[in-house]
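What follows is a set of notes on a single structure, which appears directly below.
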Amino acid sequence: MEDNMDIKTTIVNTLHAALADELDHDQINELLEVPKSSKLGDYAFPTFVLAKTRHQAPQQIAQALVAELDHAPYEKIEANGAYVNFFLDKGEFAEATLADIFNEGDHYGDATLGENGNVPIDMSSPNIAKPMSMGHLRSTVIGNALANIYAKIGYHPIKINYLGDWGTQFGKLIVAYHKWGSEAEIKADPISNLLKYYVRFHAEAEKDPELDDEGRAWFKKLEDGDPEATHLWEWFRRLSLAEFQKIYDRLGIQFDSFNGEAYYNDKMDPIVDDLKAKNLLQPSRGAQIVDLTDENLTPALIKRSDGATLYITRDLAAATDRYHQFHFAKSLYVVGNEQTEHFKQLKAVLKKMGDDWADDIIHVPFGLITKDGKKLSTRKGNVVLLEKVLDEAVDLAKQQIAAKNPDLPNADQVAHQVGVGAVIFHDLKNDRLDSFDFSLAEVVRFEGETGPYVQYSNARAQSILRKAGHHADRQGNLTIDDPAAWDTIKFLAEFPATVLRAAREYEPSVIAKYALRLSKTFNKYYANSKILVADDQLNARLALVEATSQVLQQALALLGVQAPEEM
RNA sequence: GGCCCCGUAGCUCAGCUGGAUAGAGCAACGGUUUCCUAAACCGUAGGUCAUCAGUUCAAAUCUGAUCGGGGUCACCA
């Protein structure tokens, strides 16, 4: 049951035997690195640090070390310049890795780090009466991937869709509906008509500022429980949720909670009272604030001059509520980078209130998506509709199937898996914080570093297994020493460490990049080596194909991307 | 202006805790299919890692400044 860490430990011990007077185990472990090219071995020890104490050139030290070390556990050890390069016994390593993957199955790469701690994840959070845009997609798919990743390492994620279902915009919407809307229009196409009213409201309010006052007045009515306002609000909310659900179904994402902003309406007073009791609240320019100058932050605005609550008031209530409900190990907020300041304020206020658990609140920011270099704005109608993008991607996938694999059964289902997979993968493959300008052509690409490329790699692996007609024998020969297969085997062994890194950095792209690298090495192997030939390593090769497919599927599953067996 | 993020090939980006000739994909050009799906594979071409200074045996990677792009800076969320 060897894995990466054990091998590294073995190498550290080998080196320590010769370096006991100079370096301890930890120091050697720190220095040990993985060479860029596997031609240079699997692990390398740089000797520069010994140059001073030994008063020798690093090259000489490397050669001297090679002569001293125990070569037995390795294929070979070589001095190359200032480095001591270790080459692992390929057959033995392959056998250990493949056996590991088979024994653990879908649990390969699992960890118990989380000890079942709750991790609420604030994600997606679309606004009622507005269509979901590419921006909401980011929060949705990053949050979903993090939930999967955290579940894999032993946490208990709780996916919370913090709907934007409260605020002045509803007053505006009610006004707009009264003036220009109709029940029939909304029933026919809820979101696009509600959006139409909303956009028109903002256009007309430019000329007629009194509209804004009317909007505020209607929102006030809503807050005071006016029956008509409440009825309209409930109606808009219900229709919007139904529309959102269609998109979530297509994306294959479920939530544990839809407690949006409105849910916290009656939970803010205790927070405000608590702030008062702790002498944190102070009047300023007619409003109520918490001063944060000592934290080098702008003041947190708790109540407007007209007494209404604000975003942070609600978030304080939500954070507190989540803490009492879940006693979370961590509380994640997958929200755009432009709100970094807000979360700093949120944590700072909680800390002032004595809530030390605020340290466990983690804002997971992501970069801005622009269109033609400009920020997307619902009000200005400058949006990229997620639904359209998904439609486009699925259509294109259908065309590809018709051209490349016309006899494919379940073509429609596969087109959905591939099209949606492409969109999700595209959003997850880059560093979260990178901003990018939206390009439909780029999002629906199926070649190169894309989701479909990974899916295709897996589909080919599945195809081989079908042709073979049987599974690899787990008790049989798993010792594959073909150099062409070596990179694939090494990447397979790296999966558990990769999952941990993705979790540590709150970075799904780590998994996406891993899936791409594994696909690439596998495709290279596939293109140059014949797998289904009857010789003494057939079983080992089949095992490699099966293990690769298994890990690719795992990686895709973590990202929330489906893996068709044929495409 | 203060604070935050970013600046690597024509374009989109990798580069983990500093280490051996800076890597992919797309686009361009050329090649591979009687053989497990060519949504693939191989090759050619393409870079003063924004600039300058510092720390170090070693800097794309760490520190500071400068330039450039984006975000944000109280009654939106």
Side-chain angles (χ1 to χ4, degrees), chain A residues 30-31 33-37 40 44 46 48-49 51-52 58 80-83 85 125 127 162 164 166-169 261 284-289 296-306 308-312 314-315 335-342 344-345 365 367-368 370 373 375 379 397 400-401 403-405 408 418 422 429-431 433-437 439 441-442 445-457 459-468 497-498 501 504-505 509-510 513 516-517 519-520 523-533 541 545 566-567:
Chain A
E30 278 290 299
L31 287 166
E33 59 185 81
V34 177
K36 285 177 186 169
S37 162
L40 295 168
F48 302 103
V49 280
K52 269 186 198 161
N80 187 327
Y83 293 84
N85 294 336
S125 313
N127 295 317
Y162 189 49
W166 203 252
T168 319
Q169 76 245 28
E261 295 174 31
S284 172
R285 302 184 211 172
Q288 295 290 316
I289 67 159
N296 199 22
L297 292 167
T298 50
L301 211 54
I302 305 296
K303 280 207 165 186
R304 294 197 316 213
S305 41
D306 66 359
T309 57
L310 285 140
Y311 182 42
I312 197 162
R314 210 164 284 279
D315 257 6
V335 180
N337 194 22
E338 67 272 19
Q339 290 191 31
T340 298
E341 184 89 358
H342 165 75
K344 282 185 184 165
Q345 290 181 325
L368 204 66
T370 55
K375 191 175 174 177
R379 290 187 205 179
Q400 296 280 315
I401 290 167
K404 294 167 192 290
N405 199 353
L408 180 69
V418 172
K429 80 173 174 188
N430 287 334
D431 192 301
L433 279 167
D434 285 350
S435 297
F436 65 90
D437 199 62
S439 152
E442 191 64 27
R445 242 185 54 224
F446 296 163
E447 288 160 18
E449 293 172 329
T450 65
Y453 173 82
V454 177
Q455 291 174 318
Y456 179 67
S457 309
R460 286 169 118 190
Q462 284 296 319
S463 177
I464 292 176
L465 299 173
R466 272 196 306 277
K467 285 251 156 67
T498 304
R501 196 184 139 207
R504 193 173 62 237
E505 298 178 5
S509 71
V510 166
K513 280 167 191 145
L516 286 170
R517 272 188 355 221
S519 298
K520 195 166 172 53
N523 280 328
K524 186 171 182 162
Y525 173 65
Y526 175 100
N528 297 307
S529 308
K530 185 83 181 154
I531 290 149
L532 296 178
V533 285
R541 284 192 304 270
V545 173
E566 276 184 78
M567 63 186 274

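Chain letters run A, B, ... following the sequence lines, proteins first and then strands; every chain starts at 1.
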Legend entry - Interatomic spacing from CD in A/Gln400 to CG in A/Leu408 - rounded to 0.5 Å: 13.0 Å
Legend entry - Between B/G23 and B/C67 - C1' atom distance, rounded Å: 27 Å
Inset, instruction - Would you classify A/Val418 as touching base, sugar-phosphate or nothing, given that sugar-phosphate means primed atoms plus P, OP1 and OP2, and contacts are heavy atoms under 4.0 Å? - result: base
Legend entry - Span that lies between the C1' atom of B/C36 and that of B/A59, in whole angstrom: 46 Å
Legend entry - C1' gap between B/C49 and B/A9, integer Å: 10 Å
Inset, instruction - Determine the interatomic distance between P on B/U55 and the same-named atom on B/U61; round to the nearest Å. - result: 15 Å
Legend entry - Evaluation steps, side-chain contact (heavy atoms from CB on, under 4.5 Å), between A/Tyr311 and A/Gln339: CA-CA 11 Å; A/Tyr311 182 42; A/Gln339 290 191 31; 2.5 Å; yes
Legend entry - For B/C13, the Watson-Crick or wobble counterpart (both distances under 3.5 Å): B/G23
Inset, instruction - Give a yes/no answer on whether the side chain of A/Lys530 brings an N or O atom under 4.0 Å of OP1 or OP2 in B/C36. - result: no
Inset, instruction - For A/Ser284, answer base if it contacts any base atom (sugar-phosphate contacts may also be present), sugar-phosphate if it contacts only those atoms, and nothing otherwise; contact means non-hydrogen atoms under 4.0 Å. - result: base
Inset, instruction - Determine the contact category for A/Asp431: base if any of its heavy atoms lies under 4.0 Å from a base atom, sugar-phosphate if only primed atoms, P, OP1 or OP2 are that close, otherwise nothing. - result: sugar-phosphate
Legend entry - Phosphate OP1/OP2 of B/U37 contacted by A/Lys467 side-chain N/O (<4.0 Å): yes
Inset, instruction - Counting heavy atoms from C-beta on, name the nucleotide in B/A14, B/A40, B/A39 closest to the side chain of A/Arg460. - result: B/A40
Legend entry - Nearest-Å distance for atom pair CZ/C1', residues A/Phe446 and B/G25: 16 Å
Legend entry - Closest to side chain of A/Glu341, choosing from B/G25, B/U72, B/A20: B/U72
Legend entry - Strand partner of B/A39, provided both Watson-Crick or wobble distances fall under 3.5 Å: none
Inset, instruction - Quick one: label A/Glu33 by what it contacts on the DNA or RNA (base, sugar-phosphate, nothing), any heavy atom closer than 4.0 Å. - result: base
Inset, instruction - Can you tell me, in whole Å, how much space there is between the C1' of B/U66 and that of B/A27? - result: 34 Å
Inset, instruction - Please measure how far the P atom in B/A50 lies from the corresponding atom in B/G68, and state the result in whole Å. - result: 16 Å
Inset, instruction - Measure the distance from CZ on A/Arg445 to P on B/A24 and round it to the nearest whole Å. - result: 16 Å
Inset, instruction - Ignoring hydrogens and angles, answer whether the base of B/A40 and the side-chain atoms of A/Ser457 contain a donor-acceptor pair closer than 3.5 Å. - result: no
Legend entry - Rounded P spacing from B/U8 to B/G2 in Å: 24 Å
Inset, instruction - Examine the side chains of A/Thr370 and A/Asp437 and answer whether a donor and an acceptor come within less than 3.5 Å of each other. - result: yes
Inset, instruction - For A/Ile401, report the nucleic acid contact type (base, sugar-phosphate, nothing); a contact means any heavy atom under 4.0 Å. - result: base
Legend entry - Distance (rounded to the nearest 0.5 Å) between A/Ile531 CD1 and A/Ile464 CD1: 3.5 Å
Inset, instruction - Give the C-alpha distance, both sets of side-chain angles, the deciding distance and a yes or no for side-chain contact (heavy atoms from CB on, under 4.5 Å) between A/Val335 and A/Tyr162. - result: CA-CA 11 Å; A/Val335 180; A/Tyr162 189 49; over 6 Å; no
Inset, instruction - Mind checking the CG-CE spacing from A/Asn405 to A/Met567? Nearest 0.5 Å is all I need. - result: 9.0 Å
Legend entry - Pair assignment for B/C52, Watson-Crick or G-U wobble, requiring both distances under 3.5 Å: B/G64
Legend entry - Among B/G71, B/A20, B/A77, the nucleotide that comes nearest once only the side chain of A/Leu368 is considered: B/G71
Inset, instruction - Check A/Thr340, A/Asp315, A/Thr298 against A/Gln345 for a side-chain hydrogen bond (donor to acceptor under 3.5 Å, both in side chains) and give me the one that passes. - result: A/Thr298
Inset, instruction - Run the numbers on A/Arg445 and A/Glu442 for salt bridge (Lys or Arg N to Asp or Glu O under 4.0 Å), then give the verdict. - result: CA-CA 5 Å; A/Arg445 242 185 54 224; A/Glu442 191 64 27; 2.8 Å; yes
Inset, instruction - Check every strand shown and say whether A/Ser435 touches a base, only sugar-phosphate, or nothing at a heavy-atom separation below 4.0 Å. - result: sugar-phosphate
Inset, instruction - Would you classify A/Ala44 as touching base, sugar-phosphate or nothing, given that sugar-phosphate means primed atoms plus P, OP1 and OP2, and contacts are heavy atoms under 4.0 Å? - result: base
Inset, instruction - Give a yes/no on whether any side-chain N or O of A/Tyr525 is located under 4.0 angstrom from OP1 or OP2 of B/C36. - result: no
Inset, instruction - Would you mind classifying the nucleic acid contact of A/Lys429 as base, sugar-phosphate or nothing, using non-hydrogen atoms under 4.0 angstrom? - result: nothing
Legend entry - Closest nucleotide among B/C36, B/A39, B/C41 to the A/Ile464 side chain: B/C36
Inset, instruction - Ignoring the backbone of A/Glu261, work out which of B/C16, B/A77, B/U37 is nearest its side chain. - result: B/A77
Inset, instruction - Look at A/Lys524 and B/C42 and indicate whether a side-chain polar atom (N or O) is within less than 4.0 Å of OP1 or OP2. - result: yes
Inset, instruction - Would you kindly check whether a donor in the side chain of A/Asn85 faces an acceptor in the base of B/A20, or vice versa, at under 3.5 angstrom? - result: yes
Inset, instruction - Considering just the side-chain nitrogens and oxygens of A/Tyr456, establish if one lies under 4.0 Å of OP1 or OP2 belonging to B/A39. - result: yes
Inset, instruction - State the CZ-OG1 distance between A/Arg517 and A/Thr498, to the nearest 0.5 angstrom. - result: 6.5 Å
Legend entry - Residue A/Pro299, side-chain heavy atoms: nucleotide from B/A20, B/U37, B/A74 that is nearest: B/A74
Inset, instruction - Taking atom C1' in both B/A20 and B/C35, compute the distance separating them and give it to the nearest angstrom. - result: 40 Å
Inset, instruction - Tell me what A/Pro58 touches on the nucleic acid: a base, only sugar-phosphate, or nothing, going by heavy atoms under 4.0 Å. - result: nothing
Inset, instruction - For A/Ala287, answer base if it contacts any base atom (sugar-phosphate contacts may also be present), sugar-phosphate if it contacts only those atoms, and nothing otherwise; contact means non-hydrogen atoms under 4.0 Å. - result: base
Inset, instruction - Please tell me which of A/Phe48 and A/Tyr526 maps to the more 5' nucleotide of RNA chain B, matching each residue to the nucleotide holding its nearest heavy atom. - result: A/Phe48
Inset, instruction - To the nearest Å, give me how far apart CD (A/Glu447) and P (B/A39) are. - result: 8 Å
Inset, instruction - Verify, without hydrogens or angle tests, whether A/Lys429 (side chain) and A/Glu449 (backbone) share a donor-acceptor contact under 3.5 angstrom. - result: yes
Inset, instruction - Please work out if A/Ile531 contacts a base, only the sugar-phosphate, or nothing of the nucleic acid, heavy-atom cut-off 4.0 Å. - result: base
Legend entry - Closest nucleotide among B/A14, B/U72, B/G25 to the A/Glu338 side chain: B/U72
Inset, instruction - Report the residue (A/Arg314 or A/Lys344) whose heavy-atom-nearest nucleotide on RNA chain B is the more 5′ of the two. - result: A/Lys344
Inset, instruction - Mind checking A/Gln339 for me? I need base, sugar-phosphate or nothing, with any heavy atom below 4.0 Å counting as a touch. - result: base
Inset, instruction - Could you tell me whether A/Glu442 contacts a base, only the sugar-phosphate backbone, or nothing, with contacts defined as non-hydrogen atoms closer than 4.0 Å? - result: nothing
Inset, instruction - Please check the phosphate of B/C57 (OP1 and OP2 only) for any side-chain N or O of A/Lys52 closer than 4.0 Å. - result: yes
Legend entry - Nucleotide of B/U37, B/C5, B/A77 approaching A/Asn337 most closely (side-chain heavy atoms): B/C5
Legend entry - A/Arg501 side-chain proximity, nearest of B/G15, B/G25, B/U37: B/G15
Inset, instruction - Could you please name the option among B/C36, B/A39, B/A14 that lies closest to any side-chain atom of A/Pro452? - result: B/A39
Inset, instruction - Describe the nucleic acid contact of A/Thr298 in one word from base, sugar-phosphate, nothing, applying a heavy-atom distance below 4.0 Å. - result: sugar-phosphate
Legend entry - Nucleotide opposite B/G1 in a Watson-Crick or G-U pair, distances under 3.5 Å: B/C73
